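Report on one structure; see the data block that follows.
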Amino acid sequence: MSDQTKESIKHAATRLFYTHGYHGTSVRDIAKEASVNSALISYYFGGKQPLFETLMIEFFEGYIQSIEEAMYQANVDVDAVLPQLFKHVFTYQQSCHLLARMAHREMTMDSTLVREVMSTYLRKEQFLLEQIIHVYLDRKQLKRIPVDLTVLHLRNMLTLPFSSPQYLRELFLLAPDDHLFMKRYVSHAEQWMKSLLLTKDTKRLHLVRG
């Protein structure tokens, strides 16, 4: 029963933190949303701030793990890395889309927690994405590209549907939890990456044909 109660509290807190923000959400609000006694929030998590930190850390733990699962494919099948990257990362973020939106939004702020997440999880994210790009460059003898800028573009494509859901909804009538949209988005992202990573031979062939 305790595990179920803890999960109910976390789901309720995620909904409220996303909707009303950290400062607009009280322990009493969370307890009411989760249908539990407010004392249980302190008992299980130590209060609102530790609960918020738990949610952030849990999200980025899973986020990094989803990238690592794709990275494993680099040692098995280099051509599968990009499809697996988008598949794993999007599937994970869709499975907790409110938490993903909350976490990505929080990372635009400046706080001690954000700096800690930045130095721990996002530094590792940067390293893993760089490794994925280097795998393509080294194994497939691809044209040289600016790795740092490519990482920025790649990360933006991985997070945009969840970091800017309002933008998608209001201007394009799209939602990150719409599986049809995500299927199109993943396909486009893969094609974009492949267009950056043309082999030298392919590029020369295009020039000859032109």
Side-chain angles (χ1 to χ4, degrees), residues 1-67 86 88-126 129 152-182 185:
M1 187 60 140
S2 61
D3 288 342
Q4 184 178 347
T5 301
K6 288 171 70 175
E7 287 304 309
S8 295
I9 292 172
K10 288 195 290 187
H11 288 312
T14 298
R15 287 193 295 271
L16 292 173
F17 286 143
Y18 174 69
T19 305
H20 302 296
Y22 176 80
H23 295 292
T25 301
S26 67
V27 169
R28 184 175 296 180
D29 294 332
I30 297 170
K32 182 179 179 181
E33 181 78 9
S35 300
V36 301
N37 189 299
S38 59
L40 290 176
I41 296 174
S42 294
Y43 177 75
Y44 287 122
F45 299 98
K48 187 176 79 166
Q49 178 66 24
L51 171 56
F52 185 75
E53 292 176 1
T54 295
L55 293 172
M56 289 285 289
I57 291 170
E58 283 188 359
F59 170 75
F60 282 105
E61 287 278 2
Y63 177 76
I64 293 299
Q65 183 180 344
S66 68
I67 298 177
F86 285 105
H88 284 293
V89 175
F90 281 135
T91 298
Y92 170 68
Q93 291 183 106
Q94 279 188 316
S95 72
C96 55
H97 62 95
L98 281 183
L99 180 58
R101 297 177 198 182
M102 186 201 85
H104 288 311
R105 182 178 65 190
E106 184 65 19
M107 294 308 296
T108 64
M109 313 294 181
D110 183 21
S111 67
T112 301
L113 174 61
V114 166
R115 288 192 290 273
E116 289 174 353
V117 169
M118 202 73 85
S119 63
T120 303
Y121 297 102
L122 297 193
R123 181 68 67 187
K124 188 169 186 179
E125 173 204 47
Q126 177 190 12
L129 295 182
L152 288 175
H153 286 302
L154 181 55
R155 184 185 192 276
N156 190 51
M157 297 194 83
L158 290 170
T159 61
L160 179 66
F162 303 93
S163 62
S164 303
Q166 194 70 13
Y167 177 82
L168 292 180
R169 184 179 300 109
E170 295 297 327
L171 296 183
F172 295 94
L173 304 178
L174 299 170
D177 53 347
D178 182 329
H179 290 281
L180 180 59
F181 161 66
M182 293 310 298
Y185 188 84

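Values in this document were obtained by computation on a predicted structure and should not be read as measured data.
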Is a side-chain donor or acceptor of [X] paired with a backbone partner of [Y] at a separation under 3.5 angstrom?
| X | Y | answer |
| --- | --- | --- |
| Thr108 | Arg105 | yes |
| Thr120 | Val117 | no |
| Thr25 | Leu16 | yes |
| Asn156 | His153 | no |
| Ser119 | Glu116 | yes |
| Ser111 | Val114 | yes |
| Lys48 | His23 | no |

May I ask you to check whether Tyr63 and Glu125 show a side-chain donor-acceptor distance below 3.5 Å? yes
For the residue pair Gln65 and Tyr92, confirm or rule out a side-chain donor-acceptor distance under 3.5 Å.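 The criterion, which ignores hydrogens and geometry beyond distance, is not satisfied for Tyr92 and Gln65.
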Residues which pass ring-ring contact (aromatic ring centres under 6.0 Å, His included) with Tyr121, listed by chain and number, not counting sequence neighbours: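 Tyr121: no ring-ring contact (aromatic ring centres under 6.0 Å, His included) contacts found.
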Kindly list each side-chain donor-acceptor pair under 3.5 angstrom involving residues 33-43, sequence neighbours excluded, with atom names and distances?
residue: Glu33; atom: OE2; partner: Arg15; partner atom: NE; Å: 3.1
residue: Glu33; atom: OE2; partner: Arg15; partner atom: NH2; Å: 3.4
residue: Asn37; atom: OD1; partner: Ala39; partner atom: N; Å: 2.8

Given side chain to side chain contact (heavy atoms under 4.5 Å, CB included), test Leu122 with Arg155 step by step and report yes or no. CA-CA 10 Å; Leu122 297 193; Arg155 184 185 192 276; 3.8 Å; yes
State whether the number of non-hydrogen atoms from other residues, nucleotides or ligands found under 6.0 Å of Arg123 atom CZ is greater than 12. no
Tell me, yes or no, whether the heavy-atom count around Arg115 atom CZ, taken from other residues, nucleotides or ligands under 6.0 Å, exceeds 12.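 Yes, CZ of Arg115 has more than 12 neighbouring heavy atoms, counting only those of other groups under 6.0 Å.
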Closest approach of [X] and [Y], non-hydrogen atoms and distance?
| X | Y | answer |
| --- | --- | --- |
| Ser2 | Tyr44 | CB-OH, 3.3 Å |
| Leu51 | Lys10 | CD1-CG, 4.2 Å |
| Ile30 | Ile9 | CG2-O, 4.0 Å |
| Met56 | Ala103 | SD-CA, 3.6 Å |

In Å and rounded to the nearest 0.5 Å, what is the CD to OG distance from Glu106 to Ser163? 14.0 Å
Roughly how far apart are His20 NE2 and Ser26 OG, rounded to 0.5 Å? 9.5 Å
Fit a plane to each ring of Tyr185 and Phe181, take the angle between them on a 0 to 90° scale, and name the class: parallel (under 30°), tilted (30 to 60°) or perpendicular (over 60°).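 The rings of Tyr185 and Phe181 sit tilted, inter-plane angle from 30° to 60°.
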Apply side chain to side chain contact (heavy atoms under 4.5 Å, CB included) to residues Phe86 and Leu154 and explain how you reach the verdict. CA-CA 10 Å; Phe86 285 105; Leu154 181 55; 3.6 Å; yes
